[in-house]
Amino acid sequence: MRIYGPIRNNSWALALHGGAGGWVEELAVQSEGEYAQGLRDAYRAGSDVLEAGGTAEDAVVAAVLVLEDYPLFNAGRGSAVRCDGSVTTDAALMLGAGRAGAIAATRWARNPILAAQRVLREGDCVLRTDVPREQVAEWGLEVAEQDYFLTPGRIAQQRNVAAGLLAAQPHGTVGAVARDASGALAAATSTGGMVNQYPGRIGDSPIIGSGTYARDGVVAVSCTGYGESFIQGVVAHEIASLLRHAGMTLADAVERVLREEVERRDADGGIIAVDADGTVVIGHNSPAMFGAFLDQTVTVLV
Ligand code: ASP
């Protein structure tokens, strides 16, 4: 297990992840530099928002948008392919003030995090599955066909997993957590789910409290890894509970939850979190973790 932090940031704080599994051999462009570039671009998009006095919500959405558009990560374009050869996406956005929006098993939104943001804004429900094309268009969001999401590397990866040549690792899901200068927190997560998953399987990413959670005055958390364990361990909310009710530090809470809720289930994954003071912690028990945070300069984990 590796824990980075506590890292103390200034008036604002931002941390990103690009999944817990490491490189995907099948992806045509697979150099470390390409992954690092995606994380740097995303970090810049989010930190530009915060530097200009923008909100934590706008920062996490800006960062996740970049990673969704980047074909190496398992979110938006380049999402993991299901066993039926198609791509669906899951995404969640939660604001520390208490509101959340999420979408799951949805085909049509080119940028799933924007669809999750629409659900949050509408406010009449928290999680929508299989959002119809017409609804995505009505929200004023860009509609994309399967061709847009499917990349040759991800198609090859799914075939290799289906043929038993490769394990279905949780690769490339993306997430962001932020604290803005006013102290508000936000968390966002976006994924295509697990490679070769069956239609209708939904992981932790869009489940509020499991893969994504934020509460002002406490913490914002985004997770990646074997979603079933993160759901059963209610991982993101458990971290908040350890801070609130047990008075633990963020680093101790992340380490404990990885051990007791993820490792105990023989699973692996990673967590990014920022607390009310803007302290950032990143932890993972997976062999690798893509991440980005500010520690004097932008540090990228690949
Ligand atoms: N947590 C995601 C899921 O289970 C996968 C991942 O993090 O890559 O759907």
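Fair warning: this is a prediction, and the values are worked out from it, not measured in the lab. Both counts, for ligands and for their atoms, begin at 1 and track the order of listing.
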Using heavy atoms and a strict 4.0 Å limit, residues surrounding ligand 1 turn out to be P170, H171, T173, G193, M194, R201, G203, D204, S205, T224, G225, G227
*asked:* Please determine whether a side-chain nitrogen of the Lys or Arg among R2 and E255 lies less than 4.0 Å from a carboxylate oxygen of the Asp or Glu.
replied: no
For Y226, the hydrophobic cluster (side chain heavy atoms closer than 4.5 Å, chained through members) also holds M194
Residues at least two apart in sequence or cross-chain that pass salt bridge (Lys or Arg N to Asp or Glu O under 4.0 Å) with R215, listed by chain then number, are none
Residues at least two apart in sequence or cross-chain that pass side chain to side chain contact (heavy atoms under 4.5 Å, CB included) with A236, listed by chain then number, are Y213, V221, C223
Handout entry: Pair R128-Q135, side-chain donor/acceptor within less than 3.5 Å
Key = yes
Side chains of T279 and R8: any donor to acceptor distance under 3.5 Å? yes
